[in-house]
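So the structure is just underneath, and the comments pick up after that.
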4 protein chains.
Amino acid sequence: MLNRVILIGRLTRDPELRYTPTGIAVTQFTLAVDRPFTNSQGEREADFIPIVTWRQLAETCANYLRKGRLTAVEGRIQVRSYDNNEGRRVYVTEVIADNVRFLESIRNDDSSGGGSYGNRDLPLNRDDSKQDPFANDGSPIDLSDDDLPF
Amino acid sequence: MLNRVILIGRLTRDPELRYTPTGIAVTQFTLAVDRPFTNSQGEREADFIPIVTWRQLAETCANYLRKGRLTAVEGRIQVRSYDNNEGRRVYVTEVIADNVRFLESIRNDDSSGGGSYGNRDLPLNRDDSKQDPFANDGSPIDLSDDDLPF
Amino acid sequence: MLNRVILIGRLTRDPELRYTPTGIAVTQFTLAVDRPFTNSQGEREADFIPIVTWRQLAETCANYLRKGRLTAVEGRIQVRSYDNNEGRRVYVTEVIADNVRFLESIRNDDSSGGGSYGNRDLPLNRDDSKQDPFANDGSPIDLSDDDLPF
Amino acid sequence: MLNRVILIGRLTRDPELRYTPTGIAVTQFTLAVDRPFTNSQGEREADFIPIVTWRQLAETCANYLRKGRLTAVEGRIQVRSYDNNEGRRVYVTEVIADNVRFLESIRNDDSSGGGSYGNRDLPLNRDDSKQDPFANDGSPIDLSDDDLPF
DNA sequence: TTTT
DNA sequence: TTTT
């Protein structure tokens, strides 16, 4: 009845943009979120949390997010499952984001991106996935006949 | 750097209380959280989200929560991994709760529980897992030599 | 850049529904949220937090919420100010809700309401106040020439 | 029963550190949080939200936060009231923070601060205000006989 | 001005 | 494996 997640962390890699067969944009990336304590060896660990964005938000994330960037994500936890090729049920937990905030200005020295932008706060539209029939379906996303989505 | 989850849903089963070898209480249960939309078949789906509580909070949850109860959970997403007996790395995503709220008064007609309590809002202490060396370690929990924790 | 509030509490009174001059529904109510500790006299205090909902969500809240009902609210903090009739600037802090969840089934014995409903989870549409030019303006709401909004 | 706020914004001024008569540190600052939309004149407005921190967290905030810094705050909404010198009841709404994250590295060119630190993520201890008898009292804070706290 |  |  209520499912809300807020994360701040850094991208472990550049985001990956794909399209569903019906042409809807999906971007996936992983956020490394430091734990608020150190483990028994005195080391600070992190949780690596997979994030999924859809539609316009997916395009913007693909365009502007890059590996290492400090990023805030708002969304909900989604658990989907599928049967792998050994006939085992596999559970996948992801955060479906509906709001993403870039917390670092986009640097000029970014080799993986295109241009240089001065601005710090890009107009990331909120995703309104309620109108998206695709997002309403929790089943594994088929981007092609023999491709698993992520 | 920031990792916050708030959920409201219903327990799919009675909670399970176990103890670590050093005697720390751990309670696990699953929350069914309805999605805020219907799928392409017009059905309302749910996410089944595993919750873990520690120490005093674990004891209280085991004592008072029951299958079907509407419950609010606050915590953080934790992703841990282990190698299963086929040598495959398995990822487990759980919400480590530090605050749990019972949203239904405990009913008199509860056959699975013991007595009848009138009260609606039990004194669930916040878990302070920062002092718990065990909780700081993301590795799979060994409750005994050949038992996986959950 | 990010502003998110989640509350669970009880309505101190029945909600109040009004309309702006352009016909947009606005519902206001106050949520009593118990503090998670007792004060120095050993008493449990509460915060009384004003909630505002708009449009379709306002209509549904006015129809189904009643004094005393346990309710979850998601939204953002808004601070608006106006000059009172003594020329002093007054600051008003409210939670603008975009998601409201009824946590109690609507009782048959409700004298203040109309009918009896069996259902527990009403289809409260999320408010999409971004399309609402009125909601975008933080100024005091004029419901009529000489009326303050709430 | 549940009261959770998460904000990301910038400090409008340097934080102010004070002490209660019993020697407990209190730091106050205001966070400017941009609204996620533009108003009817096409301008982006902000909410100015007062934040209060206690004890160790108060000391750290006073030491490291400065005007303009991008900052994440986790806490709860608190509404307190007092009677002003005209005999009117005044309501004050603040966010009592228990977790604060600095989202910008501390710059070397900071004239208002002391030294230069390279680090990005300071060890801000979570405040455990439940053990703080002072924090449990919602009444106006007396720092001296004739001083109002903030 | 406040809820259970 | 799932709750109302």
Side-chain angles (χ1 to χ4, degrees), chain A residues 1-3 79-81 83 88-91 93 138, chain B residues 7-16 28-36 38 43-51 65-73 92 101-107 110 112 117-123 150, chain C residues 7-16 28-36 38 43-51 65-73 92 101-107 109-110 112 117-123 150, chain D residues 1-3 79-83 88-91 93 138:
Chain A
M1 279 182 70
L2 191 146
N3 183 337
V79 183
R80 56 191 178 83
S81 62
D83 298 308
R88 270 176 164 287
R89 173 130 299 201
V90 178
Y91 291 89
T93 303
Chain B
L7 303 171
I8 300 179
R10 292 181 187 278
L11 273 80
T12 61
R13 313 183 48 166
D14 285 359
E16 283 186 47
Q28 204 271 355
F29 56 90
T30 296
L31 220 56
V33 182
D34 289 337
R35 294 193 181 155
T38 51
E43 304 155 333
R44 187 165 296 267
E45 292 179 284
D47 291 290
F48 297 95
I49 301 173
I51 314 291
L65 285 177
R66 287 295 172 269
K67 175 178 174 175
R69 291 290 161 74
L70 191 67
T71 304
V73 162
V92 180
R101 293 284 144 191
F102 306 161
L103 300 177
E104 293 180 332
S105 53
I106 289 157
R107 302 168 205 143
D110 181 3
S112 63
Y117 323 82
N119 50 331
R120 160 166 277 128
D121 201 9
L122 286 152
F150 310 123
Chain C
L7 304 171
I8 300 179
R10 292 181 187 278
L11 273 79
T12 60
R13 314 182 48 166
D14 286 357
E16 283 186 47
Q28 203 271 356
F29 55 90
T30 295
L31 220 55
V33 182
D34 288 337
R35 294 194 182 155
T38 51
E43 304 156 332
R44 186 165 296 269
E45 291 178 284
D47 291 291
F48 298 95
I49 301 172
I51 314 291
L65 286 177
R66 288 292 172 273
K67 175 178 175 175
R69 292 289 161 75
L70 191 67
T71 304
V73 162
V92 180
R101 292 283 143 191
F102 306 162
L103 301 177
E104 293 180 332
S105 53
I106 290 158
R107 303 170 205 142
D109 62 303
D110 182 4
S112 63
Y117 323 82
N119 50 332
R120 161 165 279 130
D121 202 7
L122 286 152
F150 310 122
Chain D
M1 278 180 71
L2 192 147
N3 182 336
V79 183
R80 56 191 178 83
S81 63
Y82 64 92
D83 297 309
R88 272 177 164 285
R89 174 130 296 200
V90 179
Y91 290 90
T93 303

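In the text below, chain A, chain B and the rest are named by the order of the sequence lines, each starting its count at 1.
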Rounded to whole Å, the NZ-C1' distance (K67(B) to dT4(F)) equals 11 Å

From CG of L31(C) across to P of dT2(E) the rounded distance in Å is 16 Å

Across all chains, not counting sequence neighbours, the side chain to side chain contact (heavy atoms under 4.5 Å, CB included) partners of T30(B) are T12(B), Q28(B), F48(B)

D47(B) CG to dT2(F) C1', in whole Å, measures 12 Å

Quick note, T30(C) side chain, CB onward, closest among dT2(E), dT3(F), dT3(E) is dT2(E)

To the nearest angstrom, the CD1-P distance between I51(B) and dT2(F) comes to 18 Å

Rounded to whole Å, CZ of R13(B) lies from P of dT3(F) at a distance of 10 Å

In whole angstroms, the gap separating P of dT2(E) from CZ of F48(C) amounts to 7 Å

Between CZ of R101(B) and C1' of dT3(E) the distance, given in whole Å, is 15 Å

Separation of dT2(E) atom P from R35(C) atom CZ, nearest Å, is 14 Å

#### Entry: Phosphate-side-chain proximity, R89(D) and dT1(E), N/O vs OP1/OP2 below 4.0 Å
yes

Checking dT4(F), dT1(E), dT3(E) against the side chain of Y91(D) (C-beta onward), the nearest is dT1(E)

- Could E104(B) and R66(B) be called an ion pair, given the rule that one side-chain N must be under 4.0 Å from one carboxylate O? no

Across all chains, not counting sequence neighbours, the salt bridge (charged side-chain N to carboxylate O under 4.0 Å, His left out) partners of R13(B) are none

- prompt: Side chain of D14(C), backbone of K67(C): donor and acceptor closer than 3.5 Å?
  reply: yes

